[in-house]
Structures are given as structure tokens and as C-alpha cells.
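Structure record follows, encoded as C-alpha cells.
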Amino acid sequence: MLRFLYLNLYSFLLFLTGVLAVFLPLYKINIWALIIQGIIALCLFISAVKLLAAWDDKKRKIAVLLGKNSNEIQPETFCVFMQAPCGRLVARFVLSELGKSHEYKELIKMKKPFLEAAKENCLPVKTVIYINKEVPQR
């Protein structure tokens with residue numbers, strides 16, 4: 001239970017922020033402020049639900065990381081996880097399970113600055129799908 005709460009900390013924070021956004025008395029300012037408030041709260045709730053829905057995926061990734069790093073720590077396996085706050089929680093949890101929490105100081109160096117990560121993730125990507133169909137013989 002504590003594992004679930006710890007690894008979904010950001011989901012709960014987003015949900016709590018959404019609840020707080022709903023209870024702000026913006027209807028006293030203007031009706032448009034109430035509409036904007038509702039949209040913001042809805043976006044926060046949707047993000048929280050998406051993060052909570054990834055619980056099974058997190059459990060799988062934790063098992064894989066524990067398996068790959070059981071003998072010795074391989075920093076390259078943590079590279080993807082160090083780019084997001086939820087992934088850093090997963091990395092920290094795996095390291096604590098392995099009894100090597102002190103290694104986190106080395107892994108945090110792999111975190112990219114926000115602007116660099118944003119530029120890298122906003123590049124257009126071309127997706128090509130190849131369908132392997134048999135060509136009819138004449």
C-alpha cells in the first residue's frame with residue numbers, strides 16, 4: 001500500500017490541485033472565470049487519472065529494472081526514468097529496494113534541463129508503417 005502511495009504521489013498531487021481549483025470562488029469575479037476554472041480542473045483530473053492508470057506499467061518496469069540491476073547498477077537502464085518526476089520516483093524506489101540508495105546522486109546527473117528536454121520532445125517525427133503483404137504471383 002505504501003508502495004502504491006509513494007509511486008503515485010504526483011497523481012494524488014494533481015488530483016488535490018484539481019480539487020482546490022474547483023473550490024476557488026472565481027464565480028464571484030466573472031462567469032468566464034468559472035468556465036476557465038472548470039477547464040483547468042478537468043485537465044488536472046484527466047492528468048491524474050492517466051498517471052494512476054499507468055500503475056500496471058510501473059509495476060512491470062520496476063520488475064525489469066530490479067532484474068537488470070540486481071547484480072550491479074547499470075546507469076543506462078535508468079536514463080529514460082530520470083527525465084520525468086514520476087520516473088525519478090520509480091528509480092529511487094528501485095534503488096532503495098536494491099539497497100543502493102546512494103547511487104541516486106549519480107543517476108540524477110542524467111536528468112536533462114527542462115528546455116533541452118522540451119526541444120527534444122517537440123521535434124516532428126515521421127512515422128512509417130510497413131505492411132508485409134504477399135505479392136500475388138502472375
Side-chain angles (χ1 to χ4, degrees):
M1 182 65 173
L2 289 176
R3 176 184 188 183
F4 177 79
L5 293 174
Y6 177 72
L7 291 173
N8 289 305
L9 177 67
Y10 290 105
S11 304
F12 298 129
L13 288 176
L14 280 173
F15 185 79
L16 181 63
T17 306
V19 169
L20 291 175
V22 167
F23 287 120
L24 288 175
L26 295 182
Y27 65 89
K28 293 180 180 178
I29 298 172
N30 192 343
I31 189 70
W32 293 108
L34 183 64
I35 293 171
I36 293 171
Q37 175 185 6
I39 291 171
I40 290 171
L42 185 64
C43 290
L44 289 169
F45 289 140
I46 289 172
S47 297
V49 168
K50 284 182 182 178
L51 285 176
L52 279 173
W55 174 241
D56 290 332
D57 188 44
K58 284 181 188 177
K59 288 192 296 188
R60 252 189 323 273
K61 289 179 180 176
I62 287 170
V64 168
L65 282 174
L66 285 171
K68 286 184 178 180
N69 296 290
S70 60
N71 295 334
E72 66 178 79
I73 299 297
Q74 300 173 5
E76 66 276 357
T77 59
F78 290 96
C79 187
V80 174
F81 296 98
M82 298 309 291
Q83 306 313 317
C86 294
R88 288 192 287 276
L89 283 178
V90 168
R92 188 173 283 207
F93 178 77
V94 168
L95 289 173
S96 69
E97 286 288 312
L98 294 171
K100 299 181 181 180
S101 297
H102 60 279
E103 295 283 337
Y104 186 76
K105 292 177 187 173
E106 294 298 319
L107 294 179
I108 199 71
K109 294 176 184 174
M110 295 185 335
K111 178 185 166 200
K112 294 179 185 174
F114 177 75
L115 291 178
E116 182 181 330
K119 285 179 186 177
E120 186 177 295
N121 290 331
C122 291
L123 294 175
V125 177
K126 180 180 178 183
T127 304
V128 178
I129 300 173
Y130 295 99
I131 300 173
N132 190 10
K133 289 186 178 180
E134 292 183 23
V135 179
Q137 299 292 329
R138 291 187 193 180

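What you see is a predicted model, and the numbers here were worked out from it, not measured in a lab. No hydrogens, no waters, no symmetry mates; every other heavy atom, side chains included, goes into these values.
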Should Asp56 and Arg60 count as an ion pair when the cut-off is N to O under 4.0 Å? no
Distance in Å, [X] [atom1] paired with [Y] [atom2], rounded so as to fall on 0.5 Å steps:
X	Y	atom1	atom2	value
Asn69	Leu98	CG	CG	6.5 Å
Leu66	Lys61	CG	NZ	14.5 Å
Ile39	Leu34	CD1	CG	10.0 Å
Ile46	Leu51	CD1	CG	12.5 Å
Asn8	Leu13	CG	CG	11.0 Å
Ile36	Ile31	CD1	CD1	11.0 Å

Considering non-hydrogen atoms only, spot the tightest contact between [X] and [Y] and give its length.
X	Y	value
Lys100	Asn71	NZ-O, 3.6 Å
Val22	Gln37	O-NE2, 2.9 Å
Met82	Ala91	SD-CB, 3.8 Å
Ser96	Ser101	CA-OG, 3.5 Å
Leu7	Leu89	CD2-O, 3.7 Å
Gln74	Lys68	NE2-O, 3.5 Å

In the single-linkage hydrophobic clustering (I, L, V, M, F, W, Y; side-chain heavy atoms under 4.5 Å), do Val94 and Trp55 co-cluster?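 Yes, it is one cluster - the side chains of Val94 and Trp55 are joined through contacts under 4.5 Å.
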Hey, what's the ring geometry for Phe4 with Phe12, parallel, tilted or perpendicular (30° and 60° as the breaks)? perpendicular
Over 12 non-hydrogen atoms of neighbours within 6.0 angstrom of OH in Tyr104: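 It does: Tyr104 OH has more than 12 such atoms within range.
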Please examine the side chains of [Y] and [X], heavy atoms only from C-beta on, and report whether any two atoms are closer than 4.5 Å.
X	Y	answer
Val19	Phe45	yes
Leu20	Leu24	no
Pro75	Glu106	no
Leu52	Phe15	no

Applying side chain to side chain contact (heavy atoms under 4.5 Å, CB included) to Ile108 and Arg88, what does each step give before you reach the verdict? CA-CA 8 Å; Ile108 199 71; Arg88 288 192 287 276; 3.7 Å; yes
Between Glu103 (side chain) and Ile73 (backbone), is there a donor-acceptor pair under 3.5 Å? no
Side chain to side chain contact (heavy atoms under 4.5 Å, CB included) between Leu65 and Phe81: does it pass, once the steps are laid out? CA-CA 10 Å; Leu65 282 174; Phe81 296 98; 3.5 Å; yes
